[in-house]
Amino acid sequence: GQNIDQPTEMTATEGAIVQINCTYQTSGFNGLFWYQQHAGEAPTFLSYNVLDGLEEKGRFSSFLSRSKGYSYLLLKELQMKDSASYLCAVINYNQGGKLIFGQGTELSVKP
Amino acid sequence: AAGVIQSPRHLIKEKRETATLKCYPIPRHDTVYWYQQGPGQDPQFLISFYEKMQSDKGSIPDRFSAQQFSDYHSELNMSSLELGDSALYFCASSLGSSGRAHEQYFGPGTRLTVT
């Protein structure tokens with residue numbers, strides 16, 4: 001079966017650091033994505049991990065451990081505009097390359 | 001840079017009517033994916049096409065059908081609409097034949113409201 005878990009919501013303070021965790025159990029794995037989605041808008045690509053380790057891109061970093069079925073998205077120097085839903089998604093090329101999404105984590109950044 | 005285009009952006013239909021959603025992928029992209037996102041839900045995969053052939057099928061109702069045309073645009077046809085079909089419908093495209101096939105770019109979505 002396919003199971004992707006992430007916290008439903010998180011709250012953090014402007015300027016702080018927040019870590020959003022994602023665990024997955026899927027029948028196949030060819031990579032893990034993080035997307036940012038503002039309400040009513042399309043998901044926008046943040047990061048892609050296929051090998052274990054940390055990928056850093058500006059204020060955003062993403063980590064993957066395939067043996068543990070675990071990933072996290074780290075957001076530094078939080079800004080108010082970072083308030084959004086963050087979606088963890090797994091891709092499986094044996095299933096046509098579709099993305100299987102988690103429920104998303106609603107992040108609220110407070111002043 | 002050109003992005004994925006979806007039309008219409010908003011659509012209001014009544015129960016039992018039909019709707020057609022259109023998706024124009026990024027130029028040279030040969031793979032199209034359709035996702036449905038209900039209120040407060042994560043996107044759910046419906047169906048995908050690679051080089052005009054269906055490549056995978058997800059939780060798409062039998063009342064829905066889709067195809068990819070020779071110019072790679074895709075249409076999602078929805079019949080006998082139900083209230084539960086109200087959702088955001090996203091199309092994503094990628095260059096399936098390359099090593100960067102994982103890079104799926106999402107369109108702005110079509111918001112379908114069934115009344």
Side-chain angles (χ1 to χ4, degrees), chain A residues 1-9 20 22-24 26-51 55 57 62 64 71 73 84-108, chain B residues 1 3-6 9-10 23 26 29-51 53-60 66 68 86-113:
Chain A
Q2 320 275 37
N3 195 38
I4 301 175
D5 287 318
Q6 37 180 143
T8 305
E9 51 188 26
I20 303 174
C22 171
T23 58
Y24 63 91
T26 55
S27 55
F29 180 86
N30 290 110
L32 186 142
F33 293 81
W34 284 95
Y35 282 86
Q36 180 192 62
Q37 186 178 30
H38 287 98
E41 298 182 10
T44 55
F45 172 82
L46 291 178
S47 68
Y48 169 68
N49 293 71
V50 64
L51 299 176
E55 295 278 343
K57 189 187 293 185
S62 57
L64 175 68
S71 173
L73 179 70
S85 182
Y86 291 84
L87 300 164
C88 170
V90 168
I91 192 168
N92 181 357
Y93 292 143
N94 289 334
Q95 294 183 346
K98 68 184 178 191
L99 292 172
I100 301 167
F101 286 89
Q103 289 286 331
T105 298
E106 192 67 37
L107 174 67
S108 297
Chain B
V4 177
I5 297 171
Q6 290 187 246
R9 293 293 309 279
H10 301 273
C23 169
I26 291 172
H29 279 196
D30 52 16
T31 306
V32 167
Y33 305 83
W34 285 97
Y35 295 88
Q36 177 193 57
Q37 187 174 27
Q41 304 294 315
D42 58 292
Q44 293 290 321
F45 171 75
L46 292 178
I47 196 167
S48 62
F49 294 88
Y50 168 64
E51 281 291 343
M53 299 286 290
Q54 181 181 306
S55 56
D56 195 12
K57 197 171 181 180
S59 50
I60 183 169
Q68 186 178 32
S86 295
L88 264 172
Y89 290 82
F90 290 109
C91 168
S93 76
S94 70
L95 189 53
S97 56
S98 80
R100 299 172 68 177
H102 58 272
E103 294 186 11
Q104 289 186 29
Y105 295 85
F106 282 78
T110 294
R111 181 174 293 282
L112 172 66
T113 303

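Please read these numbers as outputs of a predicted model, since none were measured by experiment. In what follows, chains carry the letters A, B, and so on, assigned in the order in which the sequence lines appear, proteins first and then strands, with residues in each chain numbered from 1.
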Given a strict heavy-atom distance threshold of 4.5 Å, which part of A:Gln37 is in contact with chain B: side chain, backbone, both, or neither?
side chain
Under 4.5 Å from any heavy atom of chain B, what part of A:Gln103 do you find: side chain, backbone, both or neither?
both
Relative to chain A, which of B:Ala92, B:Gly58, B:Pro43, B:Gly107 shows the most heavy atom pairs under 4.5 Å?
B:Pro43
Report the residues that fulfil side-chain hydrogen bond (donor to acceptor under 3.5 Å, both in side chains) with B:Thr110, sequence neighbours left out, ordered by chain and then residue number.
none
Side chain, backbone, both or neither: which part of B:Gln37 has an atom under 4.5 Å from a heavy atom of chain A?
side chain
For the residue pair B:Ile60 and B:Trp34, establish whether any side-chain heavy-atom pair is separated by less than 4.5 Å.
no
For chain B, which of A:Ala89, A:Pro43, A:Gly104 has the most heavy-atom pairs under 4.5 Å?
A:Pro43
Over 60° means perpendicular and under 30° means parallel, so tell me whether A:Tyr35 and A:Phe45 are parallel, tilted or perpendicular.
perpendicular
Residues forming a ring-ring contact (aromatic ring centres under 6.0 Å, His included) with B:Tyr35, sequence neighbours excluded:
A:Phe101, B:Phe45, B:Phe106
Side-chain H-bond candidate by donor/acceptor type, B:Asp56 with B:Gln54, under 3.5 Å
no
